[in-house]
Amino acid sequence: MIRRVAVLPQPPLLIPELAAGAADECAELREACLAAARRLTSASPDWVVIGAAAGAPAVPEHASGSFRGFGVDLGVSLSRVTAPETELPLPALVAGWLREQSGASSVRVHLVDPATPSDQCEQFARAVGDHSAVLVLGDGSSRHGPRSPGGEDARAEDFDAGVRDALAKADTGALAALDPALAAELGAGGRAPWQVLAGLAAGDWTAEVLYSAAPFGVGYHVAVWERA
């Protein structure tokens, strides 16, 4: 049975070595993410991770990788077991970094394609099964403000406000009801992982949002759910 869930974004800027001049601007977000990750480790040192990547590639257990493709040759591992380096998608790299920072033993990464329909996200959740500690990675809309990566869209604010409220209430129904077409238009890559969470997290939860903002034109939400 799932005891605790952490919902985090996955920007490479989380990692100080990659953030460079923006490291100080990312400090509040980073601390919120690390606090959530540490709480996840206190529930279990072994995590299951839900993320999104095009094509939903399989991620080998105990794999190692590097942020080299993001500009810095910083290595991470999905477990304490040494393994040859392989090319890992961003969610797996971020999960490996969070594992190391929070003292977790291992992370097992399950990836869903970002375009997966809502009903298939629920089916994906059933295939993942129950685990004590679950990390869900995904960003909100990339269209907040005129300098946003995706270009400004007035609908972004309401979309991410809805996501924030759903996370604050552990409202799985609201997450399951997110519109895939609207999420895609707004560049919200977290939609599919959040809907997998909706399929996983049956029952009653207490929830806390540790961070919710769009500091670089992208919606980032950090929340922790604990089974009531």
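Reckoned from all heavy atoms, side chains included, excluding hydrogens, waters and symmetry mates. We number each residue from 1, following the sequence as shown.
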Could you tell me which non-hydrogen atom of T172 sits nearest to which non-hydrogen atom of A201, and how far apart they are? CG2-O, 3.6 Å
Do you reckon L18 sits in the same ILVMFWY cluster as V218, going by side-chain contacts under 4.5 Å, direct or chained? yes
Kindly compute the distance separating CD (Q123) from CG (D119), expressed to the nearest 0.5 Å. 5.5 Å
Report, as yes or no, whether the 6.0 Å neighbourhood of atom CG on D204 holds more than 12 heavy atoms from other residues, nucleotides or ligands. no
Minimum heavy-atom separation for A125 to L200, with atom names? O-CD2, 3.4 Å
Starting from L40, can I reach W205 by hopping between I/L/V/M/F/W/Y residues whose side chains sit under 4.5 Å apart? no
Indicate yes or no: at least one non-hydrogen side-chain atom of E226 is less than 4.5 angstrom from one of E208. no
Hey, what do you get for CD (E25) to CZ (F216), rounding to the nearest 0.5 Å? 4.5 Å
Could you tell me whether a side-chain N or O of R143 sits under 3.5 Å from a main-chain N or O of A156, the two making a donor and an acceptor? no
How about Q101: does its CD atom have over 12 heavy atoms from other parts shown lying under 6.0 Å from it? yes
When rounded to the nearest 0.5 Å, the distance separating CZ of F70 from CD of E17 is 14.5 Å
Looking at R68 and E87, does any basic side-chain N land under 4.0 Å from a carboxylate oxygen? no
Under a 4.5 Å cut-off applied to non-hydrogen side-chain atoms, are L13 and I15 in contact? no
The residue among V163, V222, L197 that forms side-chain contact (heavy atoms from CB on, under 4.5 Å) with V7 is L197
Would V5 and V136 satisfy side chain to side chain contact (heavy atoms under 4.5 Å, CB included), going step by step from the backbone distance to the final call? CA-CA 7 Å; V5 173; V136 179; 4.2 Å; yes
Determine the minimum heavy-atom distance between D160 and G140, stating which atoms define it. OD1-CA, 3.4 Å
With a 4.5 Å heavy-atom cut-off, do C33 and V94 have their side chains touching? no
Indicate if V109 and V76 have the same hydrophobic cluster label, given that clusters are the connected sets of ILVMFWY residues with side-chain heavy-atom separations under 4.5 angstrom. yes
For the CZ atom of R191 and the SG atom of C121, what is their distance to the nearest 0.5 Å? 5.0 Å
Under 3.5 Å, is there a donor-acceptor pair between the S148 and S142 side chains? no
List the steps, then state whether side-chain hydrogen bond (donor to acceptor under 3.5 Å, both in side chains) holds for Q195 with S118. CA-CA 7 Å; Q195 291 191 321; S118 301; 2.9 Å; yes
With sequence neighbours excluded, residues passing side-chain hydrogen bond (donor to acceptor under 3.5 Å, both in side chains) with D153: R155
Working to the nearest 0.5 Å, report the span between CG of L98 and CG of L14. 6.5 Å
Mind checking whether L167 and Y220 sit in one hydrophobic cluster, side chains of I, L, V, M, F, W, Y counted as touching below 4.5 Å? no
Between Q10 and L90 (side chain of the first, backbone of the second, donor and acceptor by atom type, cut-off under 3.5 Å), is there such a pair? no
Stepwise side chain to side chain contact (heavy atoms under 4.5 Å, CB included) test for F159 and L178: CA-CA 9 Å; F159 177 87; L178 291 172; 4.1 Å; yes
Residues 42-62 side chain polar contacts: donor-acceptor under 3.5 Å, at least two apart:
unit_1, atom_1, unit_2, atom_2, d
S42, OG, R4, NH1, 2.6
S42, OG, R39, O, 2.6
S44, OG, D46, N, 3.2
S44, OG, D46, O, 3.1
D46, OD1, S106, OG, 2.7
W47, NE1, S44, O, 3.4
E61, OE1, R108, NH2, 3.4
E61, OE2, R108, NH2, 2.7
H62, ND1, S79, OG, 2.8

Report the relative orientation of the aromatic rings in H221 and W194; use parallel for angles under 30°, tilted for 30 to 60°, perpendicular for over 60°. perpendicular
Going from CD1 on I2 to OG on S132, what distance comes out if it is rounded to the nearest 0.5 angstrom? 9.0 Å
Any donor-acceptor pair under 3.5 Å linking the side chain of E122 with the backbone of V196? no
Note: G65 and L93 closest approach over all heavy atoms is C-CD2, 3.9 Å
Considering all heavy atoms, the nearest T86-A63 contact: CG2-CB, 4.0 Å
Distance-minimising heavy-atom pair for L137 and P91: CD1-O, 3.3 Å
Can you hop from L8 to V107 via hydrophobic side chains spaced under 4.5 Å? yes
